[in-house]
Every structure is written in C-alpha cells, then in structure tokens.
Amino acid sequence: MVNKFNKLSLQGKSLGKLTYVSRNKVGTNGDISVAVLNINDTLNTENITPQAGFDFAKPFGTELKLINASIIGGEDRSNRRGGTRVATKYGTLLPMSDSQTDGIPGSEYDAVFVSGKDKTPVGRVRSTDAFDSHDLILFSVAPNYRTDNPVRDDNGEPIISNYQVNFMQQSKSGEVNDDNTFIRILIDPTESERLQVDLKPGTKLVPQGLKFAFVGNNATDWTVYADTLKLSDNNNFNNHERKTASKSKNDPKNK
C-alpha cells in the first residue's frame with residue numbers, strides 16, 4: 001500500500017483560537033460524540049473527539065485549548081454506503097487556564113496538514129509519524145495529468161498537474177511484511193523536471209516543505225506534497241563525486 005499512515009500528531013495551538021459551540025454525533029452509527037469548535041472567531045469549524053469525561057455542557061463561546069492531538073482516518077456518517085473515510089481529529093480539550101501542555105516539543109511539528117485542492121493550511125503536524133525523511137530511496141517518477149478542463153495546452157499536449165516521486169523506505173527493504181513501505185510524494189512539475197536530470201534508482205532524497213492531505217480511498221490514505229527534494233549526503237555517487245573533486249583540486253596539474 002502507498003502512504004498508509006496510522007496517524008499524524010497535530011499541534012493543537014496551530015489550529016488557532018478554539019471556541020466551543022456544542023456537541024455533535026458522528027461516525028457510521030452516529031454514536032461518537034465530538035466537540036464542535038469555531039476557529040479564530042470565524043464561521044469555520046472543527047470537530048474534535050475529546051478525552052473521556054469531557055464536559056460537553058459548556059456555554060457557547062467558551063475558549064479551549066487542544067493538546068496531545070492526532071489526526072487519524074475515520075468513517076464519514078454521511079457516506080456510509082460508499083465507505084468514504086475522513087480525517088478525524090482527537091485530543092485533550094482543556095480550559096485555557098489549565099497548565100498542561102503538549103507532550104511533543106514544538107520543533108517536531110515540522111509539516112503542515114492541508115485541505116482542499118488549493119492546499120489550505122489547517123495546522124502543523126509531525127512528519128516522523130508517517131516516515132523518516134532520511135530513509136527514502138527513489139525507484140520511480142511519473143507525471144500526473146490534469147483531469148479538469150482544459151486537459152491540453154496550446155500545443156495539444158496533456159497538461160501535467162504534478163509529478164509523483166515514488167520511494168521505498170530503506171530500513172524496511174527486504175522485510176517479509178513490507179506492504180506499507182511505499183511512500184509517494186507529489187512535487188511541482190518545474191521542480192521535478194529540474195531534479196530529474198541526475199536521478200537514478202536508489203538515489204536518497206530528503207523532502208523539504210512537507211504538506212499532508214487526507215484522502216482515505218482504496219488506494220491510499222494520505223497525499224504528501226513537498227516543495228522540493230534535497231539530495232542526501234549518504235548517496236554513494238555523491239561521495240564519489242566529492243572524492244573525485246578533491247583529488248582534482250589537489251592534482252598539481254590543476255594548479
């Protein structure tokens with residue numbers, strides 16, 4: 001499977017100001033209680049599955065803070081027949097006066113959770129819950145073509161939306177139960193075409209500027225975007241080039 005991550009840790013305070021609205025029932029059987037919260041005094045809302053014992057009898061507009069939160073795949077009540085899965089957020093909701101804080105340092109929330117085709121930022125997440133950014137070895141690159149209109153450019157060529165860069169997790173290579181070792185990262189066409197010149201199977205690349213979006217279909221749970229991919233210092237051919245360059249620099253003929 002591709003991009004099958006169990007959960008991503010979510011930094012609650014990165015969602016913005018959270019004010020309580022009311023309780024709602026969700027899930028395929030409508031038996032899961034969630035707290036409906038307004039975000040940043042706007043009409044945008046988030047459903048948060050709170051800790052056991054959470055008091056839902058709070059006045060409208062009560063400001064709360066969210067700690068030790070995560071995003072997982074849950075089932076959408078309105079799409080029960082289709083089996084559609086949605087991003088479900090859960091964590092501990094506390095009064096603003098409570099002294100408890102996240103158990104994860106802020107610096108570890110190094111990626112962004114986004115929603116929609118325009119990749120609207122929602123909150124900060126921790127990429128290491130999905131994969132080790134320094135453990136990815138490249139095995140293929142393929143274009144994804146636009147499916148909306150216009151599907152071809154002025155020259156009649158298909159319009160490329162982005163490139164999917166496919167990786168194996170090196171530390172899991174050779175394992176018998178390696179069904180979830182594939183990582184697919186999407187990058188902009190211009191950036192991909194710049195990078196592909198020197199890429200080979202087995203090249204180690206480190207993604208920069210990671211963004212995660214939840215899909216939840218039969219093929220994958222998550223879509224992962226990156227601003228760019230940086231060559232790892234652990235590539236064998238990179239080390240060879242450095243040694244060659246060093247020898248050339250020290251060669252008397254080049255002085």
Side-chain angles (χ1 to χ4, degrees), residues 1-12 14-15 26-28 34 46-49 66 68-76 78-79 82-91 104 108-147 161-173 175 177-189 191-192 205-230:
M1 302 296 288
V2 177
N3 293 357
K4 300 291 286 188
F5 315 136
N6 291 328
K7 69 172 185 177
L8 293 179
S9 296
L10 170 68
Q11 186 180 41
S14 67
L15 295 176
V26 299
T28 55
V34 299
E46 285 284 359
N47 286 348
I48 304 293
T49 305
L66 175 66
N68 298 329
S70 295
I71 305 175
I72 62 172
E75 294 179 325
D76 187 355
S78 63
N79 289 284
T84 301
R85 301 174 68 236
V86 296
T88 299
K89 304 175 185 69
Y90 68 92
I104 297 173
E108 291 191 22
Y109 295 102
D110 60 339
V112 180
F113 176 67
V114 299
S115 66
K117 290 185 177 180
D118 59 351
K119 305 185 188 70
T120 302
V122 175
R124 298 199 66 80
V125 292
R126 183 171 69 168
S127 68
T128 53
D129 292 325
F131 52 81
D132 180 350
S133 295
H134 295 268
D135 189 41
L136 304 178
I137 50 176
L138 178 69
F139 69 87
S140 72
V141 179
N144 288 327
Y145 295 99
R146 280 178 54 174
T147 56
S161 176
N162 51 49
Y163 279 86
Q164 59 182 45
V165 187
N166 298 309
F167 296 94
M168 276 285 297
Q169 295 174 76
Q170 188 175 38
S171 63
K172 297 182 180 181
S173 176
E175 291 184 358
N177 298 316
D178 60 354
D179 296 336
N180 297 329
T181 63
F182 293 119
I183 304 297
R184 175 173 295 159
I185 297 177
L186 304 183
I187 62 174
D188 180 83
E191 187 65 15
S192 176
L205 295 168
V206 181
Q208 310 289 306
L210 284 169
K211 301 176 182 66
F212 293 80
F214 189 79
V215 182
N217 58 31
N218 291 332
T220 181
D221 271 355
W222 297 85
T223 296
V224 183
Y225 304 93
D227 292 337
T228 189
L229 300 166
K230 180 182 177 182

Nearest 0.5 Å, what's the [atom1]-[atom2] distance between [X] and [Y]?
| X | Y | atom1 | atom2 | value |
| --- | --- | --- | --- | --- |
| F5 | S127 | CZ | OG | 9.5 Å |
| D188 | S161 | CG | OG | 9.0 Å |
| W222 | L8 | CH2 | CG | 4.0 Å |
| L138 | Q170 | CG | CD | 12.5 Å |
| I183 | M168 | CD1 | CE | 10.0 Å |
| F113 | L15 | CZ | CG | 9.5 Å |

So, does [X] use its side chain to make a donor-acceptor pair with the main chain of [Y] at under 3.5 Å?
| X | Y | value |
| --- | --- | --- |
| D129 | K7 | no |
| Q208 | T228 | no |
| R184 | V2 | no |

For [X] and [Y], work out which heavy atoms get closest and say how close.
| X | Y | value |
| --- | --- | --- |
| G123 | S14 | CA-OG, 3.4 Å |
| Y109 | Q11 | CE2-N, 3.3 Å |
| K89 | V122 | CE-CG1, 4.3 Å |
| Y163 | S192 | CG-OG, 3.2 Å |
| D221 | F214 | O-CD1, 3.3 Å |
| I185 | A226 | CG2-CB, 3.6 Å |

Decide yes or no for D227 and K211: does some side-chain heavy atom of the first lie under 4.5 Å from some side-chain heavy atom of the second?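 Yes. Closest side-chain heavy atoms under 4.5 Å.
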Any non-hydrogen side-chain atom of V224 less than 4.5 Å from a side-chain atom of P207?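 The answer is no; the side chains never approach within 4.5 Å.
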Kindly write out the residues that satisfy side chain to side chain contact (heavy atoms under 4.5 Å, CB included) with A69, not counting sequence neighbours, or none if the list is empty.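 Only L10, L66 meet the side chain to side chain contact (heavy atoms under 4.5 Å, CB included) criterion with A69.
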Knowing that exactly one of L136, T181, I137 qualifies, which makes a side-chain contact (heavy atoms from CB on, under 4.5 Å) with F167?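 Only match with F167 under side-chain contact (heavy atoms from CB on, under 4.5 Å): L136.
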So with a 6.0 Å cut-off around CG of N6, is the heavy-atom count from everything else above 12?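 No, not enclosed.
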